[in-house]
Amino acid sequence: MKICRTVSELKNAISERRSLGSIGFVPTMGALHAGHASLIERCRAENATVVASVFVNPTQFNDKNDLKNYPRTEEADAALLESKGCDIVFMPSVEEVYPEPDTRVFDFGTIGAVMEGAHRPGHFNGVAQVVSRLFDFVNPDKAYFGEKDFQQIAIIKSMCKQLGLTLEIVECPIVREADGLAMSSRNTLLSPEQRAAAPVIHMTLAASVARKEWADVEETKKWVKEQIDSNNMLKVEYYDIVDSLTLCSVDSWEHDGSIYGCIAVQVGDVRLIDNIRYK
């Protein structure tokens, strides 16, 4: 596996392999876990060359403490990537990715204004800035993202459409711990007591799927919030039940199209997100 620190090194390494076939790309912010490993494995199965990036992108953090505390485990990340068959990993500095400030402003309409967009101003603009730059550096045929970041995938697809990018965005299932907690780099920041409480999030979402047989959408939302908030370690920031394409709230289970429940929960100073499909 080749580790590249500069854009020129990265482009040269990819150029040497492009004739072998398709280029698959897995962008990450490091602190890798089994969820990331599953993305690399799928990318490996579907492409001649696997490229990953490890870069904690400052422009998508609206909380400076969150950026400061985000876990960084570069050596372990490199070992995991190599063990899963990654060919090239890009581990740049902030200055390498942003030699000049990125002042681009993207308009994602409704999908960028709700849920994460409403609670983390500027977050998705930062995501679009860095992912578009990484796509430009790598020029992949396919890029792989986990469905835990449900709204982010919609944002990235919109960004690709706006910029005329033709690569395929591959959505991969959420990988969970044995107790149901969605795998996240932020899980390592939880105290033992918080970690013991966190599985209540998925447990409650899973239980709410059966409740839709007799409870309407508003009742289901209220029940989910009450169940999670009843644990003194957990505080729901938002929970919404939305159309999978528009991300707008639905008011009936009879709604046309797929319906997902999306949640953000504050666990002490750590913020966790998850989602579940209702139909």
Side-chain angles (χ1 to χ4, degrees), residues 1-18 22-32 35-40 42-44 46-61 67 70 72-74 77-78 80-82 84 86-106 108 112 116 122-149 151-172 185:
M1 183 179 76
K2 184 172 181 59
I3 296 176
C4 301
R5 302 284 181 180
T6 68
V7 174
S8 61
E9 284 179 320
L10 174 67
K11 288 186 173 182
N12 287 338
I14 293 171
S15 177
E16 290 173 2
R17 296 186 58 92
R18 198 168 288 279
S22 65
I23 306 291
F25 179 43
V26 181
T28 84
M29 291 210 300
L32 304 183
H36 295 106
S38 72
L39 300 181
I40 297 292
R42 180 157 177 193
C43 186
R44 176 75 281 163
E46 297 180 358
N47 298 278
T49 296
V50 175
V51 181
S53 62
V54 174
F55 178 64
V56 181
N57 173 45
T59 73
Q60 70 190 67
F61 286 83
L67 173 61
Y70 197 86
R72 291 164 171 82
T73 57
E74 188 177 289
D77 292 345
L80 184 148
L81 290 169
E82 188 162 26
K84 296 300 176 181
C86 183
D87 298 301
I88 300 166
V89 59
F90 183 43
M91 291 182 164
S93 65
V94 172
E95 293 74 22
E96 187 66 22
V97 176
Y98 298 109
E100 297 176 359
D102 191 335
T103 58
R104 292 175 298 162
V105 177
F106 293 82
F108 295 111
E116 292 294 285
H123 169 67
F124 285 132
N125 199 73
V127 168
Q129 287 175 342
V130 73
V131 173
S132 61
R133 293 182 77 81
L134 291 171
F135 283 175
D136 182 55
F137 300 157
V138 177
N139 191 20
D141 298 290
K142 297 180 180 182
Y144 295 76
F145 295 88
E147 289 178 345
K148 180 175 71 70
D149 297 302
Q151 189 174 6
Q152 177 177 275
I153 292 174
I155 291 291
I156 289 169
K157 287 182 174 179
S158 174
M159 179 203 76
C160 288
K161 189 173 181 180
Q162 290 181 41
L163 297 178
L165 305 179
T166 58
L167 76 160
E168 180 184 350
I169 303 300
V170 182
E171 303 173 40
C172 301
S185 301

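Remember, predicted model here, so these are calculated numbers, not experimental data. Just so you know, residue 1 is the first one in the sequence shown, and it goes up from there.
The shortest side-chain heavy-atom distance between Val50 and Lys84 does not fall under the 4.5 Å cut-off. Residues Phe135 and Pro140 meet the side-chain proximity criterion, which asks for heavy atoms closer than 4.5 Å. With a 4.5 Å cut-off on side-chain heavy atoms, Ile155 and Asp149 do not count as touching. Between Leu165 and Met159 there is a side-chain heavy-atom pair separated by less than 4.5 Å. At a threshold of 4.5 Å between non-hydrogen side-chain atoms, the residues Leu10 and Val138 count as touching. Between Asn139 and Ile14 the shortest side-chain heavy-atom distance does not fall below 4.5 Å. Using a 4.5 Å heavy-atom cutoff, the side chains of Leu32 and Thr73 are not in contact. Two residues are said to be in side-chain contact when any heavy atoms from C-beta on lie closer than 4.5 Å; Ser132 and Phe106 meet this criterion.
Using a 4.0 Å cut-off between charged nitrogen and carboxylate oxygen, Glu9 and Arg5 do not count as a salt-bridge pair.
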### Query
Would Glu74 and Val54 satisfy side-chain contact (heavy atoms from CB on, under 4.5 Å), going step by step from the backbone distance to the final call?
CA-CA 8 Å; Glu74 188 177 289; Val54 174; 5.5 Å; no

### Query
Do Asn125 and Thr59 pass the side-chain contact (heavy atoms from CB on, under 4.5 Å) test, and can you show the C-alpha distance, the side-chain angles, and the key distance before you say yes or no?
CA-CA 8 Å; Asn125 199 73; Thr59 73; over 6 Å; no

### Message
side-chain contact (heavy atoms from CB on, under 4.5 Å), that's the test. Do Arg17 and Ile88 meet it? Break it down for me.
### Response
CA-CA 10 Å; Arg17 296 186 58 92; Ile88 300 166; 4.1 Å; yes

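Side-chain contact annotation: Gln129 with Tyr98, donor-acceptor N/O pair under 3.5 Å absent. If you check the side chains of Asn57 and Tyr70, you find no donor sitting under 3.5 Å from an acceptor.
Contact between Phe137 and Lys11 at its shortest, heavy atoms only, is O-CG, 3.6 Å. Between Leu67 and Pro58, the shortest heavy-atom distance links the atoms CD2-CB, 4.0 Å. Cys172 approaches Leu39 most closely through the heavy-atom pair CB-CD2, 3.4 Å. Counting all heavy atoms, side chain and backbone alike, Ile153 lies closest to Gly146 at CD1-O, 3.5 Å. Residues Ala143 and Leu167 come closest through the heavy atom pair CB-CD1, 3.8 Å. Closest approach of Cys4 and Ala13 over heavy atoms only: SG-CB, 4.0 Å.
Atom-to-atom distance recorded for Glu96:CD and Phe90:CZ is 5.5 Å, nearest 0.5 angstrom. One distance of note links CD of Gln60 with CD of Glu116; it measures 11.0 Å at 0.5 Å rounding. Atom CD of residue Glu171 and atom CD1 of residue Ile156 lie 10.0 Å apart, to the nearest 0.5 angstrom.
Using modelled atom types, no side-chain atom of Thr49 and backbone atom of Arg18 make a donor-acceptor pair closer than 3.5 Å. A donor-acceptor distance shorter than 3.5 angstrom exists from the side chain of Arg44 to the backbone of Ala48, with no hydrogens or angles considered. Checked by atom type and distance alone, the side chain of Asn12 pairs as donor or acceptor with a backbone atom of Ser8 at under 3.5 Å. Side-chain N or O atoms of Asp141 include none that pairs as donor or acceptor with a backbone N or O of Phe25 at under 3.5 Å.
Among Glu46, Glu168, Arg42, His36, the one residue that satisfies the side-chain hydrogen bond (donor to acceptor under 3.5 Å, both in side chains) test with Tyr144 is Glu46.
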